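Presented below is the structure to which this report refers.
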Amino acid sequence: MKSYKSFRLFNEKMSFLMDKKAMIVIFILFLVTSLVFVISTGVGEMNINPLSVLQVFIGGGTESDRLIIQSFRLPRIIVALLVGMGLAVAGGILQGMIRNPLASPDILGITGGATVAVVGFLAIFSDKNHSLTVSINWLPVSAFIGATVVALLVYSLAWKNGVPPIRLVLIGIGVMALMKALTTMMMILGPVYQASQANLWITGSVSTSTWNNIAVLAPWTILFLLIAFLYARNINLQELGDDLATGLGGHVQKQRFTLLMISTALIGGSTAFAGGIGFVGLMAPHMARRLVGSSFGVLLPTSALLGGILVMVADLIGRTLFSPLEIPAGVFTASIGAPYFIYLLYKTRNS
């Protein structure tokens, strides 16, 4: 009887048929995402009404509207959307894989690895005239390499006849502290201008986004989002626990490593082009879970839309609230995320 109940629970978690509520929620979030996208495109130092924005989208509009929207606003808004989706889905994967509601890219040190790589890049390839000696296009590559190296390091150190989730978290927290120490040391030893540039990147911003960034980020993010959605059934399996998942025929360690690499790819791509925007990977999956439940077949797409909305809104506030000053989007995600993290700690204190 116990085995039958476990098997029934497994089947319930593996269901990919969206119920009516989940479909309605996802459709509404899609509409909200589209609305935020249009509003964000039209709002700035020069406001453009939504109808004019839509005209530009379909190839019309005035020359000045096309210039402002296509050259200055659309690149950063599209990057904000893609980055938010990538970080949110990566956070959802990590929370399900580790079976810990507090898991996020920041906690495991993966974002920290990207940060160290970027600060190191600025330190090594800057000359005395405050100029880079190599193309800035290599900066995203260094961020992705840093995230991947740290993810593999955490996984290797956590290995002990497999990788228990709690061991992965503890090792990740230790590596995160080490990455922060290395970042601080390089910023102190480096020149002042480098520390200022590195601080902006660490905070997280999409202000320097270009169409070239999108040409790289869009296919990368879309590819791994699709892989994550197709692989969602294995996250449901991981949530059942190692013993039960193995008993039901799951290759737990192989799946865990694959899920870690998928989340690292999404984190690496996002941090490479937007810096260390924090707490999105923590908040979005929790919000999604409240809306559609814990089945990852619907939770990941919902998280993706919520993450995109969070980063687009944060960027919109950052470039308009204190105009003409511009505040990095990461400041606003952190101002929301830090209290939310404390709330989660309080809520799970007896768990």
Side-chain angles (χ1 to χ4, degrees), residues 13 15-43 50 53-54 57 73-74 76-96 101 103-105 204 206 214 217-218 221-233 235-236 262-263 266-267 269-270 274 277-318 329-330 332-333 335-337 340 343-344:
K13 283 181 171 286
S15 174
F16 291 101
L17 295 174
M18 298 182 185
D19 59 21
K20 187 176 181 180
K21 177 186 174 183
M23 292 179 66
I24 292 173
V25 168
I26 290 176
F27 179 71
I28 292 173
L29 286 176
F30 177 79
L31 293 179
V32 172
T33 302
S34 303
L35 182 62
V36 171
F37 189 94
V38 172
I39 292 173
S40 184
T41 304
V43 174
V53 171
L54 294 175
F57 286 172
R73 292 183 186 170
L74 266 185
R76 68 185 297 164
I77 295 168
I78 293 173
V79 169
L81 175 63
L82 293 170
V83 165
M85 295 175 77
L87 290 175
V89 171
I93 290 173
L94 293 175
Q95 289 175 13
S104 70
V206 295
I214 295 170
L217 179 62
T221 302
I222 292 170
L223 172 63
F224 282 98
L225 285 176
L226 291 174
I227 293 173
F229 296 158
L230 292 173
Y231 212 72
R233 62 186 299 272
I235 313 175
N236 289 324
I262 293 171
S263 61
L266 290 169
I267 295 163
S270 298
I277 296 180
F279 292 103
V280 176
L282 177 71
M283 292 187 292
H286 277 280
M287 295 176 181
R289 198 170 286 110
R290 288 178 176 273
L291 292 173
V292 298
S294 59
S295 176
F296 282 86
V298 292
L299 187 142
L300 291 185
T302 306
S303 297
L305 292 171
L306 286 168
I309 292 169
L310 283 171
V311 179
M312 284 194 297
V313 170
D315 178 58
L316 175 62
I317 294 172
F332 294 98
T333 59
S335 65
I336 300 170
Y340 192 74
Y343 161 74
L344 289 176

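Worth saying up front: this structure is predicted, and the values here are computed from it rather than measured.
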(message) Restricting to side-chain contact (heavy atoms from CB on, under 4.5 Å), what partner residues turn up for I28, sequence neighbours left out?
(response) I24, V32
(message) Listing request: all salt bridge (charged side-chain N to carboxylate O under 4.0 Å, His left out) pairs with a residue in residues 24-36, at least two apart in sequence or in separate chains.
(response) none
(request) Identify, with sequence neighbours excluded, every residue that meets side chain to side chain donor-acceptor pair (under 3.5 Å) alongside S40. (result) R319
(request) Please name all residues satisfying side-chain contact (heavy atoms from CB on, under 4.5 Å) with I336, sequence neighbours left out, ordered by chain then number. (result) M283
Residues 304-315 side chain polar contacts: donor-acceptor under 3.5 Å, at least two apart:
residue	atom	partner	partner atom	Å
D315	OD1	R76	NE	3.4
D315	OD1	R76	NH2	2.7
D315	OD2	R76	NE	3.2

(request) Using side-chain contact (heavy atoms from CB on, under 4.5 Å) as the criterion, list what pairs up with S303, not counting sequence neighbours. (result) A88, P285, A288, L299
(message) Checking side chain to side chain contact (heavy atoms under 4.5 Å, CB included) between I77 and each of T41, V206, V38, V36, which is the one that passes?
(response) T41
(request) Compare all side-chain heavy atoms of L282 with those of Q95 and state whether any distance is below 4.5 angstrom. (result) yes
(message) Give me the atom names and distance for the closest heavy-atom approach of I277 to G204.
(response) CG1-CA, 3.6 Å
(message) Using modelled atom types and a 3.5 Å cut-off, is there a donor and acceptor pairing between side-chain atoms of S263 and backbone atoms of I93?
(response) no
(message) Tell me the closest heavy-atom pair linking F296 and P301, and the distance in Å.
(response) O-CD, 4.1 Å
(message) To the closest 0.5 Å, what do you measure between CG (L225) and CZ (F229)?
(response) 5.0 Å
(message) Can you list everything that forms a ring-ring contact (aromatic ring centres under 6.0 Å, His included) with F279? Sequence neighbours excluded, please.
(response) none
(request) Can you see which heavy atom on A232 is nearest to which on L300, and at what distance? (result) CB-CD1, 4.1 Å
(request) Looking only at non-hydrogen atoms, find the nearest pair between A228 and V89 and report the distance. (result) CB-CG1, 3.8 Å
(request) Find the distance between OG1 (T302) and CG (L291) and round it off to the nearest 0.5 Å. (result) 7.0 Å
(request) Let me see the working for F37 and L74 under side chain to side chain contact (heavy atoms under 4.5 Å, CB included), right down to the final yes or no. (result) CA-CA 9 Å; F37 189 94; L74 266 185; 3.6 Å; yes
(message) Can you tell me how far apart OG1 (T221) and CG (L87) are? Round to the nearest 0.5 Å.
(response) 9.0 Å
(request) Enter the distance from S104:OG to L94:CG here, rounded to the nearest 0.5 Å. (result) 7.5 Å
(request) Output the distance between atom CD1 (I222) and atom CG (L82), rounded to the nearest 0.5 Å. (result) 6.5 Å
(request) Might you point out which heavy atoms bring I267 and A90 nearest each other, and give the distance in Å? (result) CG1-CB, 3.6 Å
(request) Under the side-chain contact (heavy atoms from CB on, under 4.5 Å) rule, collect the residues that match up with L223, sequence neighbours excluded. (result) I227
